[in-house]
Every structure is written in structure tokens, then in C-alpha cells.
Protein chains: 2
Amino acid sequence: MNDKETSSLPSRHEERLGLLLWFRLSRFYNQSLRRSNAHLKEWGVTITQFDVLVQIGTHEPLTQNELAEKLFVTKGNMTQVLGRMEELGWIHRDQEWRKKVLTLTSSGWELFHLVVPRQEQFQASQFQGLNKEEQKQLLDLLRKLQQYNEHMEG
Amino acid sequence: MNDKETSSLPSRHEERLGLLLWFRLSRFYNQSLRRSNAHLKEWGVTITQFDVLVQIGTHEPLTQNELAEKLFVTKGNMTQVLGRMEELGWIHRDQEWRKKVLTLTSSGWELFHLVVPRQEQFQASQFQGLNKEEQKQLLDLLRKLQQYNEHMEG
DNA sequence: CCTTATCAGTTTATACCTAAACTGATAAAA
DNA sequence: TTTTATCAGTTTAGGTATAAACTGATAAGG
């Protein structure tokens with residue numbers, strides 16, 4: 001590949017921007033993921049479990065499919081993650097018709113109230129490299145991207 | 001948690017923004033990852049392998065540690081991913097002093113020239129929800145975040 | 001009533017990723 | 001020279017994620 005020659009062509013340039021954005025995004029995400037897991041380790045919670053905890057805690061009651069949709073993961077994945085969380089005694093899974101209704105146990109609520117404020121604070125610190133205005137900008141750009149892509153997939 | 005009451009407090013609000021940013025970011029990243037893998041499936045390549053292919057192809061020769069640093073992943077992970085890519089005949093791993101020097105095989109170069117332009121085009125389409133100006137803004141914000149966090153970790 | 005479709009969740013095989021402990025080689029210090 | 005430190009890469013155990021095939025229950029159509 002010949003960077004210097006092709007980058008002067010505008011159409012190539014735009015394509016490059018896409019790849020650059022992908023690289024930046026995935027690097028930052030990976031870093032952020034690792035740091036979050038390290039931070040949550042103190043309470044024996046993974047970032048995935050934390051996300052599930054927040055979703056159930058704020059939208060209870062939820063079914064597994066609804067949860068998977070909210071988290072943008074497959075339902076097969078939910079089976080595994082929720083299985084472990086049930087073992088740990090953080091959630092109830094009650095069969096109801098052909099659905100399973102998810103709620104937090106008292107132990108789950110305890111964890112929720114303990115960990116959510118800490119993690120909020122931690123995530124705020126992760127984005128300290130941007131001022132408040134820039135943070136809102138970033139949120140807005142991500143919102144636009146998601147809306148557009150959702151619209152594309154129908 | 002009582003959303004409506006606590007969100008009026010400014011300090012709480014800022015912390016919320018951090019959590020919101022994290023959620024948006026991870027949802028978009030997951031979506032993007034899934035779509036990229038689906039797109040690359042045509043050539044039997046995963047997005048991880050693609051990232052490795054690009055790094056080696058553009059920075060050859062590289063050691064495994066250098067590659068891990070560029071991709072922001074652990075060296076243990078590289079051992080596994082590179083092992084598979086070596087089996088597939090895409091890369092050479094030549095022991096040199098106490099390092100292993102990575103280069104692409106002719107088959108690897110073939111794949112590189114076949115897949116990179118397609119994936120560039122695909123990634124460009126992933127960010128079409130933003131105009132060129134907004135894409136540059138996003139890139140800039142991500143760059144700032146990474147620089148700040150790198151500086152923090154020292 | 002019986003057949004067929006749909007739907008929620010599970011299972012399986014495979015890949016990715018981490019942290020932490022380990023190996024073996026080179027380099028530095030005693 | 002012997003010991004100790006460091007460094008690149010590997011291994012292990014465990015969690016996360018997917019796609020695709022499957023199960024079993026409910027719903028719809030014949």
C-alpha cells in the first residue's frame with residue numbers, strides 16, 4: 001500500500017477516515033473495558049454483569065430477550081451470563097408463560113446500590129480528557145450513528 | 001434509584017454523563033464489531049485477524065509485543081491469535097534473539113490486498129450517519145481521550 | 001382436532017480476551 | 001563466574017461473545 005500517493009485522492013481519503021475511526025474506537029473501547037473490569041474487581045463484578053445489573057435494576061421486570069436487545073448482544077449470550085448471576089444469587093428468573101421474567105434479589109439490590117454510584121464516578125473519570133461540552137458532543141455523535149444504523153437495518 | 005429527583009443535581013448529572021457515554025460507546029462498538037465480522041466472513045477473516053493483518057502489513061517487521069501494544073491487547077492474546085494465523089499460512093514467525101519477528105507470507109499479502117480496500121469501504125459506510133465534518137470531530141474527540149488516558153497511566 | 005408457524009430460551013462449537021503464573025534466554029551485577 | 005534481574009513469549013483458567021441448530025410451548029390456520 002502506498003500511503004503518500006493514494007491519500008491525495010479525495011475518495012480514498014474518506015475511506016481511510018472510516019478505517020481510522022474504527023481503529024481509534026476499538027482501541028479506546030478495549031482500554032476502557034479493561035480499566036472498568038479492573039475497577040469493578042473490588043466487588044467481584046465484571047463490566048458485563050454490571051451492565052445487566054443496571055438494566056434490570058432500572059427497567060425491572062424484563063425478559064431475557066428484552067435484556068439482550070437493550071444490551072445489543074445475542075440471547076444465547078444472555079443465557080450464560082444470567083446463569084452465572086443466578087448462581088451468585090443476584091437475580092431471579094421466573095418462568096411466566098413462555099418467557100422468563102428477570103428481577104433483582106435483595107442481594108442484587110444491595111450490590112446495585114453499592115456499585116452503581118462508584119462505577120458512575122469511575123466512568124466520569126474515564127471521560128475527563130474531554131470538557132463537559134465535548135462530552136455532550138461525543139454523546140450526540142454516538143447517538144446519531146446509532147440512529148442511522150438502526151434505520152439502515154430496519 | 002430515583003432518576004427524576006437526582007438528575008436535577010449538577011454533580012450527579014456529570015457522573016450520569018459518564019455512564020451514558022459508556023453505554024452508548026459499548027452498544028455502538030458491539031454493533032460495529034458484529035457487522036464487521038459478518039462483512040469479513042466472505043473471506044474467512046475475523047475483525048481481529050484483519051486488524052493484525054493491517055498492522056503487520058503496514059509496519060512489517062514487528063515483534064509480538066510491539067503488535068500487542070499497537071492493538072491495545074495483552075501479549076497472551078497475541079500468542080493465540082497469531083498461532084491460528086500461522087496455521088492458516090498468513091504470517092511467518094521467525095525467532096530472532098529473544099524476539100519473534102512477524103511478517104506476512106505471500107498468501108498473507110494476497111489477503112491483505114484483497115480485503116483491506118473492501119473493509120475500508122465497509123468501515124466508511126459504518127460512519128455514514130455522520131457527515132465528513134462530524135467524522136473528523138469524532139476522530140478528534142477519541143484522540144483527545146486516548147492522549148489524556150495514556151498520560152494518566154504514565 | 002391436527003398441523004404448522006412462531007417464539008423464548010438453551011445448547012454447541014468456536015473465537016476472543018484477560019490476569020496471573022510460568023519458561024527459557026539474555027543481560028547486568030556481585 | 002555465579003547470581004539476579006529482566007524480557008519475550010507461552011500457558012492456564014475463566015469470562016464474554018457469536019452463529020446456528022435445537023427444544024418445547026403457545027398460537028394460528030386448515
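All chains are named by letter (A, B, ...) in the order of the sequence lines, taking the proteins before the strands, and each is independently numbered beginning at 1.
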Whole angstrom is fine here: how far is it from [atom1] in [X] over to [atom2] in [N]?
{"X": "A:Trp90", "N": "D:dG15", "atom1": "CH2", "atom2": "P", "result": "11 Å"}
{"X": "A:Asn77", "N": "D:dG14", "atom1": "CG", "atom2": "P", "result": "19 Å"}
{"X": "B:Glu66", "N": "D:dA8", "atom1": "CD", "atom2": "P", "result": "9 Å"}
{"X": "A:Leu33", "N": "C:dT18", "atom1": "CG", "atom2": "C1'", "result": "9 Å"}
{"X": "B:Phe50", "N": "C:dA15", "atom1": "CZ", "atom2": "C1'", "result": "18 Å"}
{"X": "B:Gln95", "N": "C:dT23", "atom1": "CD", "atom2": "C1'", "result": "12 Å"}
{"X": "B:Met78", "N": "D:dT12", "atom1": "CE", "atom2": "P", "result": "19 Å"}
{"X": "B:Asn37", "N": "D:dT16", "atom1": "CG", "atom2": "C1'", "result": "14 Å"}

Less than 3.5 Å between a donor and an acceptor, one on the side chain of A:Lys75 and one on the base of C:dG9, is that the case here?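 Between C:dG9 and A:Lys75, which were checked side chain against base, a qualifying N/O pair under 3.5 Å is present.
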With a 3.5 Å cut-off and just heavy-atom distances, do the side chain of B:Arg84 and the base of C:dT14 make a donor-acceptor pair? no
If you assign each of A:Lys99 and B:Thr74 to its closest nucleotide in DNA chain C, which residue comes earlier from the 5' end? A:Lys99
Would you kindly compare B:Arg98 and B:Phe72 by the position of their nearest DNA chain C nucleotide and give the one closer to the 5′ end?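 Result of the comparison: B:Phe72.
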Do any side-chain nitrogens or oxygens of [X] fall under 4.0 Å of OP1 or OP2 in [N]?
{"X": "A:Asn65", "N": "C:dA8", "value": "yes"}
{"X": "B:Gln64", "N": "D:dT10", "value": "yes"}
{"X": "A:Arg35", "N": "C:dA19", "value": "no"}
{"X": "B:Thr48", "N": "C:dC17", "value": "yes"}

Check every atom of D:dT12, D:dA19, D:dT16 against the side chain of B:Gln80 and return the nucleotide holding the closest atom. D:dT12
Could you work out which one of C:dC16, D:dT10, D:dA20 sits closest to the side chain of B:Lys41?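 My answer, after comparing the listed nucleotides, is D:dA20.
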Separation between CD of A:Gln119 and CG of A:Leu114, rounded to the nearest 0.5 Å: 11.5 Å
Roughly how far, to the nearest 0.5 Å, is CG of A:Leu17 from CH2 of A:Trp22?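 Atom-to-atom, A:Trp22:CH2 and A:Leu17:CG are 15.0 Å apart.
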Between B:Lys100 and A:Val81, which has a closest nucleotide on DNA chain D that is more 5'?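 With B:Lys100 and A:Val81 compared, the 5'-side residue is B:Lys100.
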Would you say the ring centers of B:Phe72 and A:Tyr29 fall short of 6.0 Å from each other? no
With sugar-phosphate meaning primed atoms plus P, OP1 and OP2, does A:Thr79 contact a base, only sugar-phosphate, or nothing at under 4.0 Å between heavy atoms?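 Answer is base: heavy atoms of A:Thr79 come under 4.0 Å of a base.
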Does one side chain, of B:Gln64 or B:Arg93, offer a donor that lies under 3.5 Å from an acceptor on the other?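 A pair is found: one side chain offers a donor N or O, the other an acceptor, under 3.5 Å apart.
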Residue pair A:Gln126 / A:Arg35, side-chain donor-acceptor N/O under 3.5 Å: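 Yes, side-chain donor-acceptor contact under 3.5 Å.
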